[in-house]
Each structure stands twice: as C-alpha cells, then as structure tokens.
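In what follows, every heavy atom counts, from backbone to side chain, and hydrogens, waters and symmetry copies are set aside.
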Amino acid sequence: MTAGTALGAARVGRDGALRLGFARRGPATVVAGCRFTLPLQVLAPMALDDPAAVVSILNPTGGLVGGDRLEIDVQAGAGAHAVLTTPSATRVYRAEGEPTVQTVRLSIGPRAVVEWVPDHTIPFAGSALRQAIDVELDETAGLILVDAFAAGRVAAGEAWRFALLESAISIRDPGGWLLHDRFVLRGPTRKDDPAFDGPGFTESCPYFASIAVVGAFDRDRFAADVGSLDASGGATKIGVAVLPRRGALVRCLAPSAPALLDAVEGCWRLARAAVLRLPPLALRKG
C-alpha cells in the first residue's frame with residue numbers, strides 16, 4: 001500500500017461530498033442527479049402537498065467530528081423548486097486537532113427557487129466548526145436560507161463552551177453582491193476557564209439564527225410583517241434589515257430551542273408567502 005493510498009483510506013468516512021441536481025419536469029420538480037459519499041447521505045424526496053421537491057440531508061454517523069470535511073453542491077435548473085432540510089439538529093463533537101469544515105454551494109438557475117432550511121447546529125464543548133454557504137443565483141431566481149445555531153448543549157451547562165464557531169453566507173447574482181455575512185466566535189481557551197454567558201450582544205439568548213430571503217417581493221412589507229412577530233414582548237428577539245437589492249436579512253435570538261423553532265418557522269412562513277405566494281410547508285419530522 002502506498003502512502004497516498006493509506007492517506008486516502010484514512011479519509012474514508014471523513015471527507016463527505018454530496019452533489020444534487022434538480023430539474024423541472026412539467027408541473028413538478030424532480031431530482032435529476034444525486035451522488036454522495038459518507039458521512040453525507042440523502043433520503044428519498046418526500047411526497048408533500050407542495051410544488052417543491054423536498055430532500056432531507058443526513059449524517060448517518062450521528063454527528064461531525066474534528067477533521068471532517070464536507071462539501072455540498074446543489075444545482076437547481078430553470079424553473080425548479082427545491083427544499084433542503086435535515087431530519088434533526090446537527091451535532092458537532094469535540095475537536096482535538098483540526099476543525100470540522102463544511103462548504104455549501106447553491107447554484108440557482110432562471111426562475112428557480114431553493115429553500116435551505118436545516119435544523120439548527122449544536123456545537124459541543126471543545127468543538128470547532130468552520131462553515132461557508134456560497135450562493136450564486138439568477139436575477140429571476142428566489143432563495144430562502146436559514147443558518148441557525150445553539151450555543152452548545154445548553155441543558156448540560158455547556159453554552160458557549162465550543163472552541164470555534166464560524167459561519168459565512170455569501171450571495172451573488174449577475175448584478176453583483178447581494179449579501180456577505182460572517183461571524184467568528186471563540187470559546188474558552190482552557191478547560192478550567194469559568195463559564196460565561198457568551199457575547200454581550202446575544203442578550204443571554206443561547207439560540208440564534210440568520211435568515212436570508214431573496215426574490216421579487218415587497219421587502220418593506222415583509223420587514224413589517226416580520227417585525228410583528230416580535231411584537232408580543234416575549235424573550236425572543238427578531239430584527240430585520242432590507243438589503244439594497246432584492247432581499248432582506250432576519251436575525252433571531254431565542255432563549256430556548258422551541259422558541260428558536262417558532263421564530264424560524266414564523267419567518268419562513270412569511271418568506272414563503274412573500275416570495276413564492278405559497279402556504280407554510282409542514283415537513284413532518286418525527
């Protein structure tokens with residue numbers, strides 16, 4: 001066995017790749033191409049009462065560990081409509097060496113729509129995650145993108161105990177940049193560091209999400225509708241900003257996982273109504 005072969009064997013189950021293609025066939029969207037390697041896998045498209053093809057991406061190994069490298073590439077052809085989700089939250093385990101790296105690329109063609117709505121990510125104590133979501137979309141395409149996190153295993157007293165949590169969202173169309181948003185958070189540098197409440201601007205809320213919405217819609221009306229979700233005076237905080245072109249960005253801070261889920265689902269419902277003129281989509285997760 002050569003050194004290269006040994007190195008390749010050592011990476012089996014660590015370097016995951018997923019390639020998904022969606023195409024419009026008459027009134028429906030179908031999966032036109034699918035290829036994956038562990039630790040990435042997809043379930044068969046769900047048959048829901050919706051025009052979109054709904055595909056669930058999962059990790060059958062139970063979670064991500066340091067050194068895993070994942071690449072997800074999704075292409076939606078002209079007129080296609082795809083919804084990408086996960087069966088449950090994604091767990092990122094302690095990293096002793098290299099971080100977990102996940103790269104997502106979404107290519108959205110003319111009049112196509114992609115809804116990227118995975119459950120939130122849970123970084124365990126000592127974990128390290130670098131994530132980048134890169135979107136290229138046609139000037140007539142639509143996008144709803146959710147990037148949601150817990151601060152850790154909150155109930156176990158591990159909030160903000162990860163080593164590194166980094167996520168970047170980049171969205172471009174033929175006219176140029178629509179959004180580039182990135183955060184880098186670092187946890188305690190030593191195991192005996194005292195617990196802390198996290199960055200001050202999270203207002204002691206250990207669950208947070210960013211939701212990007214792009215398409216042909218009334219952005220000011222959407223912003224007003226999202227603002228009404230935060231009018232109840234509860235502990236969840238929701239803010240929205242209108243982008244210079246074609247879109248809006250929503251921020252959510254929540255005190256609990258159910259509160260985060262409610263906030264994200266409320267924003268998703270409003271985004272679907274505004275951009276797609278469609279009702280909410282029930283994903284029927286068990």
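To the nearest 0.5 Å, the span separating CD1 on Ile169 from CZ on Phe183 amounts to 8.5 Å. Leu261 contributes atom CG, which lies 11.0 Å from atom SG of Cys252 (distance to the nearest 0.5 angstrom). To the nearest 0.5 Å, atoms CZ (Arg182) and OG (Ser170) are separated by 10.0 Å. Between the CG atom of Asp119 and the CG atom of Leu260 there is a distance of 9.5 Å, given to the nearest 0.5 Å. Rounding to the nearest 0.5 Å places CG of Leu18 at 11.5 Å from CG of Asn59. Between the CG atom of Leu40 and the CG atom of Leu70 there is a distance of 4.5 Å, given to the nearest 0.5 Å.
Within the 4.5 Å cutoff, the side chain of Val104 has heavy atoms near those of the Trp116 side chain. For the pair Leu143/Val213, no side-chain contact is recorded, criterion being any heavy-atom separation below 4.5 Å from C-beta on. For the pair Val113 and Val275, the minimum side-chain heavy-atom distance is 4.5 Å or more. Counting only heavy atoms from C-beta outward, the side chains of Leu38 and Pro60 approach each other to under 4.5 Å. The side-chain heavy atoms of Leu283 and Leu48, taken from C-beta on, include a pair separated by under 4.5 Å. In this structure, the side chains of Asp15 and Thr37 stay at 4.5 Å or more apart for every pair of heavy atoms. Taking the side chain as every heavy atom from C-beta outward, Leu229 and Cys267 approach each other to under 4.5 Å. Side-chain contact between Phe222 and Leu270: present, with at least one pair of heavy atoms (C-beta onward) separated by less than 4.5 Å.
Glu98 approaches Arg69 most closely through the heavy-atom pair OE1-NH1, 4.2 Å. Contact detail for Ala112 and Gly77: the closest heavy-atom pair is CB-O, 3.2 Å. For the residue pair Arg25 and Ala32, the shortest heavy atom distance occurs at NH2-CB, 4.4 Å. The two residues Pro99 and Arg130 have their closest heavy-atom pair at CG-NH1, 3.3 Å.
Pairs passing the ring pair (Phe, Tyr, Trp, His ring centres under 6.0 Å) check and including a residue from residues 255-280, sequence neighbours excluded, do not occur. Listed by first and then second residue, the side chain to side chain donor-acceptor pair (under 3.5 Å) pairs that reach into residues 70-81 are His81-Glu115, sequence neighbours excluded. The stretch residues 248-267 participates, sequence neighbours left out, in these side chain to side chain donor-acceptor pair (under 3.5 Å) pairs: Asp181-Arg251, Ser210-Arg251.
Within 6.0 Å of the CZ atom in Arg172, the count of heavy atoms belonging to other residues, nucleotides or ligands exceeds 12.
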message = Run Leu129 and Thr121 through side chain to side chain contact (heavy atoms under 4.5 Å, CB included) and show every step you take.
response = CA-CA 10 Å; Leu129 172 66; Thr121 296; 4.1 Å; yes

request  = Step by step, work out the side chain to side chain contact (heavy atoms under 4.5 Å, CB included) result for Leu249 and Val240.
outcome  = CA-CA 6 Å; Leu249 178 66; Val240 58; over 6 Å; no

task = Give the C-alpha distance, both sets of side-chain angles, the deciding distance and a yes or no for side chain to side chain contact (heavy atoms under 4.5 Å, CB included) between Val55 and Val83.
result = CA-CA 6 Å; Val55 173; Val83 175; over 6 Å; no

task = Quick one: do Gln131 and Asp147 satisfy side chain to side chain contact (heavy atoms under 4.5 Å, CB included)? Show the steps, please.
result = CA-CA 10 Å; Gln131 175 181 265; Asp147 193 30; 2.9 Å; yes

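Among residues two or more places apart in sequence or in another chain, the side chain to side chain donor-acceptor pair (under 3.5 Å) test is passed with Gln41 by none. Arg269 pairs by the salt bridge (Lys or Arg N to Asp or Glu O under 4.0 Å) definition with nothing, not counting sequence neighbours. Partners of Arg19 under the side chain to side chain donor-acceptor pair (under 3.5 Å) rule, at least two apart in sequence or in another chain, do not exist in this structure. Residues passing the ring-ring contact (aromatic ring centres under 6.0 Å, His included) test with Phe162, sequence neighbours excluded: none. Residues passing the side chain to side chain donor-acceptor pair (under 3.5 Å) test with Arg245 are Asp173, sequence neighbours excluded. Under the side chain to side chain donor-acceptor pair (under 3.5 Å) criterion, Thr140 pairs with Asp138, not counting sequence neighbours.
Ion pair Arg105/Glu136 not flagged as a salt bridge, since none of the NZ, NE, NH1 or NH2 atoms sits closer than 4.0 Å to an Asp/Glu carboxylate oxygen.
A donor-acceptor pair shorter than 3.5 Å cannot be found between the side chains of Gln102 and Asp68.
Taking Ile, Leu, Val, Met, Phe, Trp and Tyr as members and joining any whose side-chain heavy atoms lie under 4.5 Å apart, directly or through other members, the hydrophobic cluster of Leu58 also contains Leu43. Clustering of Ile, Leu, Val, Met, Phe, Trp and Tyr side chains at separations under 4.5 Å places Val65 together with Tyr93, Ile122, Phe124. Chaining together hydrophobic side chains whose heavy atoms lie under 4.5 Å apart places Val184 alongside Leu164.
Checked against the 6.0 Å centroid criterion, the rings of Tyr207 and Phe149 do not qualify as a close aromatic pair.
Residues Val146 and Val54 share a single hydrophobic cluster, defined by chaining ILVMFWY side chains whose heavy atoms lie under 4.5 Å apart.
Test Leu137, Ile108, Leu106 against Ile171 for side chain to side chain contact (heavy atoms under 4.5 Å, CB included) and you get one pass: Leu137.
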